[in-house]
Amino acid sequence: MLDLVLLARSWLDDEDKTLDAALLRNLVQANNDEVGLKRLDDGQLLSNAFVYLVAGHETAAHSLSFMIAFLAIYPEVQHKVRKEVLSLTGGDPTAQLSYKEHMSKLVYTLAVFHETGRLCTVAPRLGRRVLTDTTLTSHRFEIAPDGSVQRVQEFEVNLKHGSQVILDLTAVHRNPIHWGKDVNDFRPERFIDTDTYRWPRDAFLAFSTGPRSCIGQKFATAESLCFVANLVRQFDILPPPDLRGKPLSEQKSISDWKTWLTTTPVNARVTFKPRF
Ligand code: HEM
């Protein structure tokens, strides 16, 4: 893949290639003027392009696609999101929304974003190297026919220094011990605290946790909420014509995915119907 950097460098003086691989080309160009420690080597340049394209773009785009698909198949959720957004501007669907004034008030819309990230986890696995011998406590359990958890047994997992571990975030997000027996249902309310309920922060890892968690979390959240808030004000989001009126189990196919570099929507088809 490092060949790509060489190729982009060879295009710097080629007028015909100005628009080809523009991001990588611009990175290579900007780096040309740097000297000493500030200058990135080719591997670092490629890593930066990877961060832009995969960490920054693909994750956010896929998560937004899933969110829009869920809004299409759960019209009651879409209605609540629209009501929340319109309540911020006195019902005016064209009034400007402001990050400073309105973002923190999109409580339900944020819950929809989180619930989407729980059910469709775009970064489904994380890798970590064990730095010191560690013992973790885990649980075995069975799921009763009504979905409740039973026969919970604690056990220890010993991790040796130097081993590689893969964290399965989808499994954490679908664990009924943390999320209850309706764990597979799309229910944004589970991300809203009440007087008697606090949603389990430690069991939501869509952006990972700790010092190497997603540096773009705030940005991705803001851009998603901003996009959806404006979208629902202007459009009704509907399932595609062939799925309208069909049972939810069939409509859910628009949130299907395949696991590739990130969890990738494969059938996110919706119709946008202008509201005015
Ligand atoms: C919904 C959107 C996003 C999701 C679900 C997401 C998820 C994640 C996750 C799970 C990690 C941790 C990887 C690990 O621990 O190995 C991560 C890291 C990272 N993300 Fe995001 N991300 C999103 C959007 C973004 C955006 C918009 C940007 C940049 C503008 C970004 C930049 C990064 C970077 C640079 C890292 C590496 C941080 C480090 O290693 O210190 N992400 N992301």
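Each ligand, and each atom within it, is numbered from 1 in the order the structure gives.
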>> Once you measure the plane-to-plane angle for Phe207 and Phe113, does it fall in the parallel (<30°), tilted (30-60°) or perpendicular (>60°) bin?
In response: tilted

>> Can you name the atoms of ligand 1, numbered from 1 with element, that are less than 4.0 Å from a heavy atom of Ser63?
In response: 1 (C)

>> Which option wins on minimum heavy-atom distance to atom 12 (C) of ligand 1: Pro211, Cys120, Ser208?
In response: Ser208

>> Would you say atom 37 (C) of ligand 1 makes contact with the protein, given that contact here means a non-hydrogen protein atom less than 4.0 Å away?
In response: no

> Are Arg244 and Thr271 linked by a side-chain donor-acceptor pair shorter than 3.5 Å?
Replying inline: yes

>> Considering non-hydrogen atoms of the protein only, which is the closest contact for atom 23 (C) of ligand 1, and what is the distance?
In response: Thr59 OG1, 3.3 Å

> Nearest heavy atom to atom 31 (C) of ligand 1: which of Pro124, Ser213, Ala55 does it belong to?
Replying inline: Ala55

> Nearest non-hydrogen atom to atom 16 (O) of ligand 1 belongs to which of Arg128, Arg212, His57, His62?
Replying inline: Arg128

> Can a salt bridge be assigned to the pair Asp236 and Arg82 using a cut-off of 4.0 Å between side-chain N and carboxylate O?
Replying inline: yes

>> How close do Arg275 and Arg233 get, counting heavy atoms only, and between which atoms?
In response: CD-O, 3.6 Å

> What residue and atom, counting heavy atoms only, is the protein's closest point to atom 13 (C) of ligand 1, and at what distance?
Replying inline: Leu126 CD2, 3.6 Å

> Has Arg201 got its NZ or CZ under 6.0 Å from the middle of the six-membered ring of Trp199, at an angle within 45 degrees of the ring axis?
Replying inline: yes

>> Which of the numbered atoms in ligand 1 are under 4.0 angstrom from any heavy atom belonging to Val51?
In response: 35 (C)

> Is there a side-chain contact between Phe204 and His178, using heavy atoms and a 4.5 Å cut-off?
Replying inline: no

>> I need the atoms of ligand 1 closer than 4.0 Å to a non-hydrogen atom of Ala123, numbered in the order shown.
In response: 10 (C)

> Of the protein's non-hydrogen atoms, which lies at the shortest distance from atom 4 (C) of ligand 1, and what is that distance?
Replying inline: Phe207 CE2, 3.4 Å

>> Less than 4.0 Å is my threshold; does some heavy atom of Ala206 fall inside it relative to ligand 1?
In response: yes

>> My understanding is that we take every heavy atom of each candidate and find the minimum distance to atom 26 (C) of ligand 1. Doing that for Gly56, Ala60, Ser224, which one comes out nearest?
In response: Gly56

>> Using a 4.0 Å cut-off to any heavy atom of Phe219, which atoms of ligand 1 qualify?
In response: 27 (C)

>> Could you work out, for atom 34 (C) of ligand 1, the closest of Thr262, Thr221, Val122, Ile215 by heavy-atom distance?
In response: Ile215

>> Ignoring hydrogens, what is the shortest heavy-atom contact between Gly127 and Ile166? Give both atom names and the distance.
In response: CA-CD1, 4.3 Å

>> I want to confirm something. Looking only at heavy atoms, which of Gly127, Gly216, Cys214 is nearest to atom 43 (N) of ligand 1?
In response: Cys214

>> Under a 3.5 Å threshold, yes or no: a donor from one side chain and an acceptor from the other, between Glu84 and Thr109?
In response: yes

>> Test of understanding: clusters of I, L, V, M, F, W, Y form through side-chain heavy atoms closer than 4.5 Å, transitively. Do Trp11 and Leu45 belong to the same one?
In response: no

>> If you define the side chain from C-beta out and look only at heavy atoms, does anything of Leu12 sit under 4.5 Å from Arg25?
In response: yes

